[in-house]
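Residues take their numbers from the sequence shown, with the count starting at 1.
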Amino acid sequence: MSESTSASVPDPLSRIAELPGVSDAVEETRTLVDRLLGHRILRRRSSDVSMESSLRGACASAALEGAEVSMDEIRDGHVYDTRIKGALRIGGELGTLVETWPQAPRQALARLHTLAAADAVSEDALGRPRLEGERIEDPLELGPAPSAAGAAARLEGLYTLLGSRTKVPALVTSALVHGELMAIRPFGWGDGLVARAAERLTLVERGLDPKSLVTSELGHQTLKDEYGPALRGYMAGTPEGVAEWVVYCCRAVRAGAQDSLATCEALKRG
């Protein structure tokens, strides 16, 4: 996807990329991700690192939704919780959505929710934005979500943002995608699984992590005490809150990249 932009059309995300602290956080994160991408083990075993990252990311994302599951249970196939089953389905299919995401984000988001919630909601609710009065899960205790109509309007804005031509760093776009989906909670169940997957999908599609090696979901679990407060700051809509959210997301991606570097080192040692 081209990140060029016409000089006559304002870049919709440029003002966020210019907020205090964002540029430094982006640069520090990009440096660590580049170090991961240059690891020698990836010449032979990049698919192994990507698969391990996917499994670890699924485990972490489900845990953030309240699931209690270990990596040993996942490796042994002892998975019964609907949240971890949904996270694993997302991880298994995320790569197939890379081309769809920028061209048809509505369809990609519906697919992510269908994967996340296949065992948890009625068939007619899969991939469908929530209706007025439907229950909204809130495992991070973010507080009230927008009305169904308000959520639908903000989703349209997110689709427009994803379709815009921007030259801001992928880390800024992915943080905004994640933050908006968590603020909107468009489906009512599994929104966290969907939002974290959409963040990772954006990092892959926009070129920061083309092989999906970074366990960004695990980064959020590592920083879980800061996750909810950072999201609430973003939801407040102040420049300070938005900047702190983007910086926080960069830190989470760094933590995920560090975890994948540890996987690379483990593979190197055999």
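With sequence neighbours excluded, the residues satisfying salt bridge (Lys or Arg N to Asp or Glu O under 4.0 Å) with Glu265 are Lys268.
Remark: of the listed residues Arg196, Arg56, Lys224, Arg200, Arg200 is the sole one forming a salt bridge (Lys or Arg N to Asp or Glu O under 4.0 Å) with Glu217.
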Test log, rule side chain to side chain contact (heavy atoms under 4.5 Å, CB included), inputs Ile16 and Leu176: CA-CA 9 Å; Ile16 295 173; Leu176 266 291; 3.8 Å; yes
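Sequence neighbours left out, the pairs with a member in residues 171-213 that pass ring pair (Phe, Tyr, Trp, His ring centres under 6.0 Å) are His113-Phe187, His178-His220, His178-Tyr227, His178-Trp245. For the ring pair (Phe, Tyr, Trp, His ring centres under 6.0 Å) condition, no pair includes a residue of residues 142-165, sequence neighbours left out.
One finds no salt bridge joining Arg30 and Asp209 here, because no Lys/Arg side-chain nitrogen approaches an Asp/Glu carboxylate oxygen to under 4.0 Å. Using a 4.0 Å cut-off between charged nitrogen and carboxylate oxygen, Glu134 and Arg128 count as a salt-bridge pair. Salt bridge absent: Lys167 and Asp11 never bring a charged side-chain N and a carboxylate O closer than 4.0 Å. A salt bridge links Arg251 to Glu226: one of the charged nitrogens lies within less than 4.0 Å of a carboxylate oxygen. Glu52 and Arg75 are joined by a salt bridge, as a carboxylate oxygen and a charged side-chain nitrogen come within less than 4.0 angstrom of each other. Taking the charged nitrogens against the carboxylate oxygens, Glu156 and Arg106 do have a contact shorter than 4.0 Å, which makes a salt bridge.
Rounding to the nearest 0.5 Å gives a distance of 11.5 Å between CD of Glu28 and CG of Leu171.
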